[in-house]
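In what follows, a single structure is set out as structure tokens and then discussed.
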Amino acid sequence: AFPLTDGSANQTLVTDGGGNLSFATTGSISAGTTNQVAFYTATNTLGGNAGFTYNPSSTTQVLTLTDDGTGTMLEIQSTDDTTTSAPDVVLYRNSATPAAADTLGVIVFKGNDNTPAATEYARISSEVNDVSAGAGNGQLYLRALVG
């Protein structure tokens, strides 16, 4: 049955599972600011955290996870028990115009120097040498800063 009266501002139409519809407040953002990633913090409640942000811009999108602790900050886990590889992390440069010397992806290791300024101390990068179908070549670089 449809409700005969309108709900309050920002309410949504929900079902009770028995065919009856009503207006209810089903979720709200109780915390968070611009660019914070929203996630469930309690039943029907969304929240945010200053350490988990998404910053879209016209040139790049950046997802940032920040914490002041030590230890694991990102874990990708697979519970598959077959012999197939999992979990996989893929860096895919999906270019419409691939060319030799394209950098395919970079993993950068940074830390502060004694000023303190963010300094790149090491990187792993991959480059395509030949984009010919069936005869392509790639290269993997491991680089470290030498003062």
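All residue numbers refer to positions in the sequence shown, counting from 1.
Closest heavy-atom contact between G18 and T15: N-OG1, 4.5 Å.
The CG atom of L21 sits 4.5 Å away from atom CG of L13, with the distance rounded to the nearest 0.5 Å.
Residues S22 and V14 have side chains in contact (heavy-atom distance under 4.5 Å, counting atoms from C-beta outward).
Clustering of Ile, Leu, Val, Met, Phe, Trp and Tyr side chains at separations under 4.5 Å places L65 together with V37, F39, F52, Y54, L63, M73. Y92 forms part of a hydrophobic cluster together with V90, judged by ILVMFWY side-chain heavy-atom separations under 4.5 Å.
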Tell me which donor-acceptor pairs under 3.5 Å the side chains of residues 134-147 have, and how far apart each pair is, sequence neighbours excluded?
from	atom 1	to	atom 2	distance (Å)
Q139	OE1	N129	ND2	3.0
Y141	OH	E127	OE2	3.4

Please set out all donor-acceptor pairs under 3.5 angstrom arising from side-chain atoms of residues 100-113, sequence neighbours excluded.
from	atom 1	to	atom 2	distance (Å)
D102	OD2	A99	N	2.9
D113	OD1	T115	N	2.9
D113	OD1	T115	OG1	2.6
D113	OD1	A117	N	2.8
D113	OD2	T119	OG1	3.4

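Scored by the side chain to side chain donor-acceptor pair (under 3.5 Å) test, T66 finds no partners at all (sequence neighbours excluded). Every residue two or more places apart in sequence or in another chain was checked for a side chain to side chain donor-acceptor pair (under 3.5 Å) with T70, and none qualifies.
The backbone N or O of N49 lies less than 3.5 Å from a partner atom in the side chain of Q36, making a donor-acceptor pair. Panel note: side chain T72, backbone L74; no donor-acceptor pair is recorded below 3.5 Å.
A side-chain donor-acceptor contact under 3.5 Å links D80 and T82.
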